[in-house]
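Let me begin by presenting the structure, written as structure tokens, before commenting on it.
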Amino acid sequence: MKFVATAGDRAQTVEISGGRGQYRVTIGEQVWEVDARPTPQGIYSLLIGGVSYVADVTEREDVAIVEVGGEIYAVKVEEATRYVIRTRGGPVAGPGPQTLVAPLPGRITHVAVKTGDRVRAGDMLLVIEAMKMENEFKASAAGTVSEVRVQAGQPVNAGDVLLVIA
Amino acid sequence: MKFVATAGDRAQTVEISGGRGQYRVTIGEQVWEVDARPTPQGIYSLLIGGVSYVADVTEREDVAIVEVGGEIYAVKVEEATRYVIRTRGGPVAGPGPQTLVAPLPGRITHVAVKTGDRVRAGDMLLVIEAMKMENEFKASAAGTVSEVRVQAGQPVNAGDVLLVIA
Amino acid sequence: MTIAKVLVANRGEIAVRIIRACREAGIGAVAIFSEADRDALHVQMADEAYPIGPSPATESYLAAEKIVGVAKAAGADAVHPGYGFLAENAAFAEACAEAGLTFIGPPPAAIRAMGDKTAARRIARELGVPLVPGTLEPVAGDEATRAAARKIGYPVMVKAVLGGGGKGMRLVRREEELAGALRLARGEAQSAFGDASIYLERALAEPRHIEVQVLADGQGCVVHLGERECSIQRRHQKLVEESPSPFVDAALRERLGEAACRIAQAAAYVNAGTVEFLVDAEGNFYFLEMNTRLQVEHPVTELVTGIDLVREQLRIAGGEPLGYGQPDVRGRGVAIECRINAEDPFAGWLPSPGTIRGLRVPSGPWVRDDSGVYEGYTVSRFYDTLLAKLIVWGTDRAAAIDRMARGLAEYKVVGVRTTIPMLERIMAHPDFRAGRLSTGFLDRVMPDLGAGQGRHASIALIAAVLAQYERLGRGTLAAPPPSPWRQAARPGWRGRPE
Amino acid sequence: MTIAKVLVANRGEIAVRIIRACREAGIGAVAIFSEADRDALHVQMADEAYPIGPSPATESYLAAEKIVGVAKAAGADAVHPGYGFLAENAAFAEACAEAGLTFIGPPPAAIRAMGDKTAARRIARELGVPLVPGTLEPVAGDEATRAAARKIGYPVMVKAVLGGGGKGMRLVRREEELAGALRLARGEAQSAFGDASIYLERALAEPRHIEVQVLADGQGCVVHLGERECSIQRRHQKLVEESPSPFVDAALRERLGEAACRIAQAAAYVNAGTVEFLVDAEGNFYFLEMNTRLQVEHPVTELVTGIDLVREQLRIAGGEPLGYGQPDVRGRGVAIECRINAEDPFAGWLPSPGTIRGLRVPSGPWVRDDSGVYEGYTVSRFYDTLLAKLIVWGTDRAAAIDRMARGLAEYKVVGVRTTIPMLERIMAHPDFRAGRLSTGFLDRVMPDLGAGQGRHASIALIAAVLAQYERLGRGTLAAPPPSPWRQAARPGWRGRPE
């Protein structure tokens with residue numbers, strides 16, 4: 001079975017066959033014989049060429065967060081056919097409006113921008129207090145604030161749109 | 001909902017209602033308000049009148065093994081109607097032939113009796129070696145050995161009938 | 001005055017720690033829990049547990065009156081406040097006393113004396129203990145503050161008079177930044193402590209944060225249990241602590257300990273407390289403040305001295321004398337603590353609430369896990385991010401670091417992000433291993449660190465694809481484990497088959 | 001001669017223990033596993049792991065040639081045998097040496113000298129170390145044995161010359177029982193050790209089993225690390241161990257330690273070893289045997305002395321000198337170990353294989369869990385029943401016992417029966433608390449013990465009925481936990497929604 005696995009900017013075709021603990025995995029030119037055991041908790045024991053790895057796999061929406069040997073990877077895995085359909089139209093046209101979404105529930109304690117403000121990368125946008133910590137959110141690219149949907153003091157849920165930059 | 005719970009020789013009617021963590025349990029005259037939280041592992045947190053208990057429940061065939069506060073109980077739980085049907089015929093007639101069943105897999109290392117032997121309670125019948133231990137099995141009541149189905153050196157599986165006493 | 005039943009006015013790992021001490025001392029332990037905490041570990045570990053109110057701490061763990069009421073109703077004769085919440089609240093200590101409950105901590109007067117950071121500075125000054133240069137009184141008005149700051153010399157720290165835990169604290173490098181920093185610090189102080197008062201201290205360059213543990217009984221006997229180095233911090237909050245400090249020699253230890261004991265005595269201190277110092281590169285030390293409670297990082301002192309600090313707190317509160325003096329306190333080896341927080345160190349330490357789907361905790365030789373969570377537990381968004389503390393002991397610092405690295409590698413938390421990967425990097429860092437610590441350590445080391453470093457990139461791809469493949473049912477993962485032994489483990493006779 | 005990669009020729013908790021020590025020392029660890037053990041914890045913990053054969057130990061963990069082959073193929077330069085399996089097999093130690101592998105244990109000659117129990121007795125006799133009265137040579141023929149037994153005086157112990165671990169051992173109270181006991185013991189000895197030779201010792205009345213840990217380096221330096229008391233046994237196998245013994249005072253400790261060191265020196269011993277004694281009520285001690293390997297119960301010595309025995313084994317095998325002498329070995333406090341076995345103590349200690357469905361392991365202050373299992377792991381029927389060892393330390397024996405009781409109460413193993421409930425009863429027993437120990441302790445205490453003692457009978461009924469009620473879907477147990485946070489923990493911008 002063929003998948004495309006995307007980590008960071010790099011998409012690679014990964015072919016996998018076998019089952020019941022014994023797999024053959026092909027990434028590019030390289031073939032891996034993998035002896036794998038799962039646990040219900042998402043902890044995998046892998047033996048590859050005698051080397052023992054323990055990998056955690058947390059599946060979130062469309063991405064698997066994998067932790068192995070103290071390193072963390074976010075890997076998006078798609079069936080190869082779906083990946084082709086999704087990307088056939090070519091890369092998405094240039095940057096459009098960007099949306100700051102609350103990544104966790106909390107309370108807005110400070111909003112540093114208002115509609116119409118121009119921001120540069122690194123400018124502070126707002127602060128969410130959660131789990132007794134003040135978490136600052138900064139702009140990752142330049143733009144103009146087109147919408148501010150929250151104000152200081154307001155509670156927010158994970159997934160709420162906080163502000164939009166055009 | 002009504003159950004009959006049997007622990008040791010004593011069968012008691014237990015009525016339970018409620019759900020989603022909050023239950024009312026009636027045993028005989030006594031009523032218990034129970035706040036219970038399960039875990040998938042079979043570990044229950046119970047709060048009863050402010051007292052905190054952690055109980056393990058392992059369900060085996062027709063009996064629940066419950067461990068709480070360092071004590072262990074084997075409790076057979078039946079819906080009250082089934083219990084009535086099962087026991088309506090009155091108690092089972094006197095002791096019939098009895099069967100020694102291997103309670104765990106292992107190897108027979110010694111058989112101390114042969115067909116026709118009369119045994120008393122406490123007499124050694126046979127030895128099963130398992131997990132590097134020699135486990136002696138003794139007669140719990142008197143009788144005559146009517147069948148010996150195993151011999152020394154033979155491997156046995158859990159559930160195998162080893163010998164029968166009439 | 002013997003204590004028979006303690007209400008633990010806290011939650012999380014510290015509540016579990018205190019309950020364990022009570023259990024070992026044969027003392028009953030009563031837990032309280034907010035609506036969010038019915039499933040918390042401290043509820044399961046306690047002998048009794050009572051609901052205390054809604055999830056926000058102000059309505060539960062900070063609701064002093066309710067807590068005193070539950071303690072009385074449950075028949076408790078003492079209250080342990082842990083750290084945080086009401087631990088340094090003199091009014092709560094008084095309310096306990098008025099209700100006939102022993103407060104397991106210092107007398108209210110000592111809490112007050114040390115809670116006002118400028119008052120504490122004045123006490124230290126009178127004793128001749130060196131202070132970080134700065135004001136001995138709160139500063140009021142921008143003009144007066146500007147003048148005071150100029151006199152101290154920049155950079156200065158703006159600090160809340162009733163502060164603690166890094167709140168209401170701002171570093172000011174230049175006079176232009178002063179007014180803005182003051183506004184922010186006053187605001188934070190007002191909302192965190194209900195008091196906007198501010199004082200100033202000179203900001204030392206890359207100082208070490210070193211603190212001394214003291215124990216004082218009701219008979220006037222005070223001992224210190226050596227120091228802890230807590231220089232590895234993020235956002236002015238400690239992340240890694242150790243004892244002894246690699247920087248402190250026997251002579252400096254004696255001077256620090258002596259200063260700490262004198263401050264405790266001057267405050268008529270009783271029970272466990274911690275005197276904090278900044279130490280500069282030349283070994284000059286400066287009194288910072290005293291924490292009138294058990295510290296998060298108390299276990300490193302325990303593992304080095306062999307003294308159970310919570311047990312000592314219970315004994316002292318019960319009126320027992322310490323029964324030993326300074327020469328009886330002897331350290332052995334080195335202990336290190338790492339805080340396992342539900343935070344993503346690669347995303348600005350963003351909190352990471354959620355359900356712990358998988359959990360494997362390290363153990364084995366000289367590895368201690370002080371935890372408030374279990375597999376299947378959901379980390380609430382209402383409280384702080386501390387899940388557990390991993391503490392190790394070794395014959396020397398190198399052995400302790402190697403052991404901590406081993407323990408962190410064994411620690412698996414699936415479902416929430418944690419500080420573990422960052423802690424692993426700290427243990428491996430040459431500056432940390434060489435003992436070159438300062439409160440600026442993380443800022444200095446952080447920039448080099450990305451999430452994945454690429455060594456295991458292929459393994460990660462394989463694991464991710466495998467998980468998807470199996471979820472689609474293509475491989476039907478491994479053979480299912482053999483079914484557990486389904487018969488009662490009872491030798492002898494089974495009855496007639498039904 | 002520095003060791004860079006160790007093959008661990010064992011499984012279970014001791015393999016995990018050794019792998020941890022390697023990891024801390026920066027040494028690579030190679031595991032081996034039988035067909036039954038692919039899922040075992042030691043496989044996951046090691047750097048590398050290789051299959052070694054079918055599940056029966058004779059075809060895997062005892063297959064010396066295969067193991068040496070794997071060690072060579074994996075590029076290991078040393079082999080640690082753990083305990084059991086090949087640990088006291090001189091031929092295996094020689095095979096390692098011939099293959100250029102460092103055997104982490106004593107030289108083959110020392111293993112042989114102590115493996116023959118009558119030869120060991122002769123060495124002790126020559127040194128003037130007291131012996132249990134008995135034969136110094138194997139006894140042959142019923143007639144000669146009867147004469148020897150009469151000379152020694154009844155009751156006598158019949159023991160296998162190559163014995164160990166309680167195998168091939170029989171207590172004989174009267175001459176009439178001798179012939180039968182001999183037959184059984186010889187049979188057991190033949191099948192367990194491949195040698196039916198037997199010797200006799202007088203059976204002491206309720207003796208204590210006390211053993212001394214020694215360390216010897218390749219330069220002739222020998223130290224002892226004090227004693228362990230291992231009197232709580234079932235089926236001649238240890239269940240609870242502690243250090244120091246409550247019965248041994250400083251003078252007796254010095255005499256025992258001195259005798260142990262002399263025996264080690266006489267055997268040209270190198271590495272870690274244990275000299276076992278029986279001690280009678282008057283404090284007379286008698287040499288029993290020497291175990292030429294790491295003991296199961298080594299952690300109690302570690303927690304008291306602060307010395308990491310496995311790390312020392314690695315250092316000594318690597319050619320390093322001990323670097324310290326007897327005066328440098330100093331104990332602090334008391335440590336106790338309890339063996340958590342998959343056995344049903346209420347059903348004649350019947351083994352209880354199966355899947356561990358739920359597991360909560362105690363931790364916190366001075367509690368150490370040396371384990372070979374995890375939640376979801378299936379305990380195999382092919383190997384022994386030891387799942388884990390719980391070890392605690394306390395300032396004194398009472399504190400250690402209280403701590404152990406606390407730890408056992410926290411320990412939850414769902415799915416297999418364990419020794420935990422019995423261990424809890426032992427900790428609570430007045431004789432144990434008073435230090436009135438003997439190898440007959442369990443037999444004396446056991447008769448009083450039933451499974452359920454009735455205090456929590458109603459709670460058990462409630463839990464059982466609740467489980468059934470919920471399984472029938474009548475209560476839909478509690479609210480499901482809130483779904484975990486489903487978004488990547490990354491602050492800042494998210495791209496255009498797809």
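This one's a predicted model, so the numbers in the text were calculated from it and none came from an experiment. Values reported hereafter were calculated over all heavy atoms of this structure, with side chains retained and with hydrogens, waters and symmetry mates removed. So that the names make sense, note that chain A is the first sequence line, chain B the second, and so on, each numbered from 1.
- Using a 4.5 Å cut-off between heavy atoms, A/Val66 touches chain C through its side chain atoms alone.
- To the nearest 0.5 angstrom, C/Leu184 atom CG is 7.0 Å from A/His110 atom NE2.
- Both the backbone and the side chain of C/Ala460 come within contact range of chain A, each with at least one heavy atom under 4.5 Å from a heavy atom of that chain.
- The CD1 atom of A/Ile72 lies 7.0 Å from the OG1 atom of C/Thr418; values are rounded to the nearest 0.5 Å.
- For a residue to count as touching a neighbouring chain, one of its non-hydrogen atoms must lie under 4.5 Å from one of that chain's; by this rule C/Val379 touches chain A with the side chain only.
- Considering all non-hydrogen atoms of both residues, C/Gly358 and A/Gln41 come closest at CA-CB, 3.4 Å.
- Counting heavy-atom pairs closer than 4.5 Å to chain C, the top-ranked of the candidates A/Thr58, A/Asp35, A/Thr109 is A/Thr58.
- When all heavy atoms of A/Gly70 and C/Pro421 are compared, the pair lying nearest together is O-CB, 3.9 Å.
- Atom CD in C/Glu470 sits 10.0 Å away from atom CZ in A/Arg20 (nearest 0.5 Å).
- Using a 4.5 Å cut-off between heavy atoms, C/Glu188 does not touch chain A at all.
- Neither the backbone nor the side chain of A/Gln22 comes within contact range of chain C; no heavy atoms are under 4.5 Å apart.
- Residues A/Val25 and C/Val465 are not in side-chain contact: their nearest non-hydrogen atoms beyond the backbone lie 4.5 Å or more apart.
- For a residue to count as touching a neighbouring chain, one of its non-hydrogen atoms must lie under 4.5 Å from one of that chain's; by this rule C/Ser191 does not touch chain A.
- Contact annotation for C/Leu472: only side-chain heavy atoms (C-beta onward) come within less than 4.5 Å of a heavy atom of chain A.
- Using a 4.5 Å cut-off between heavy atoms, A/Val34 touches chain C through its side chain atoms alone.
- Nearest heavy-atom pair across A/Ala130 and C/Pro351 is O-CG, 3.6 Å.
- Looking at every heavy atom in both residues, C/Ser458 comes nearest to A/Ile27 through O-CD1, 4.3 Å.
- At a threshold of 4.0 Å, the pair C/Arg471-A/Glu59 counts as salt-bridged, since one of the basic side-chain nitrogens sits closer than that to a carboxylate oxygen.
- Residue contact with chain C, scored on non-hydrogen atoms closer than 4.5 Å, involves the side chain of A/Glu67 exclusively.
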_Under the criterion side chain to side chain contact (heavy atoms under 4.5 Å, CB included), I'd like the reasoning laid out for A/Tyr44 against C/Ile459: C-alpha separation, chi angles, the key distance, then a yes or no._
CA-CA 11 Å; A/Tyr44 283 49; C/Ile459 306 302; over 6 Å; no

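- Counting non-hydrogen atoms of neighbouring residues, nucleotides and ligands closer than 6.0 angstrom, the CZ atom of A/Arg107 exceeds 12 such neighbours.
- Residue A/Ile16 touches chain C through both its backbone and its side chain, counting heavy-atom pairs closer than 4.5 Å.
- Remark: the backbone N or O of A/Gly18 is paired with a side-chain donor or acceptor of C/Tyr469 at under 3.5 angstrom.
- Looking at C/Lys412 and A/Asp56, their side chains come closer than 4.5 Å, going by heavy atoms from C-beta outward.
- C/His456 is listed as a side-chain neighbour of A/Tyr53, based on a closest heavy-atom distance under 4.5 Å.
- Of the possible polar contacts, one joining the A/Tyr73 side chain to the C/Ala457 backbone as a donor-acceptor pair under 3.5 Å is found.
- With respect to the salt-bridge test (charged N to carboxylate O, under 4.0 angstrom), the residues A/Glu71 and C/Arg425 do not qualify.
- Contact of A/Gln12 with chain C is made through the side chain alone, with heavy-atom distances under 4.5 Å.
- Contact check for C/Ser352 versus A/Leu104: no side-chain heavy atoms found under the 4.5 Å cut-off.
- The most heavy-atom pairs under 4.5 Å with chain A, out of C/Glu375, C/Glu343, C/Arg381, C/Arg360, come from C/Arg381.
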*Before giving the answer on side chain to side chain contact (heavy atoms under 4.5 Å, CB included), spell out for C/Ile462 and A/Ile48 the whole-Å C-alpha distance, their side-chain angles and the decisive distance to 0.1 Å.*
CA-CA 10 Å; C/Ile462 290 169; A/Ile48 304 177; 4.2 Å; yes

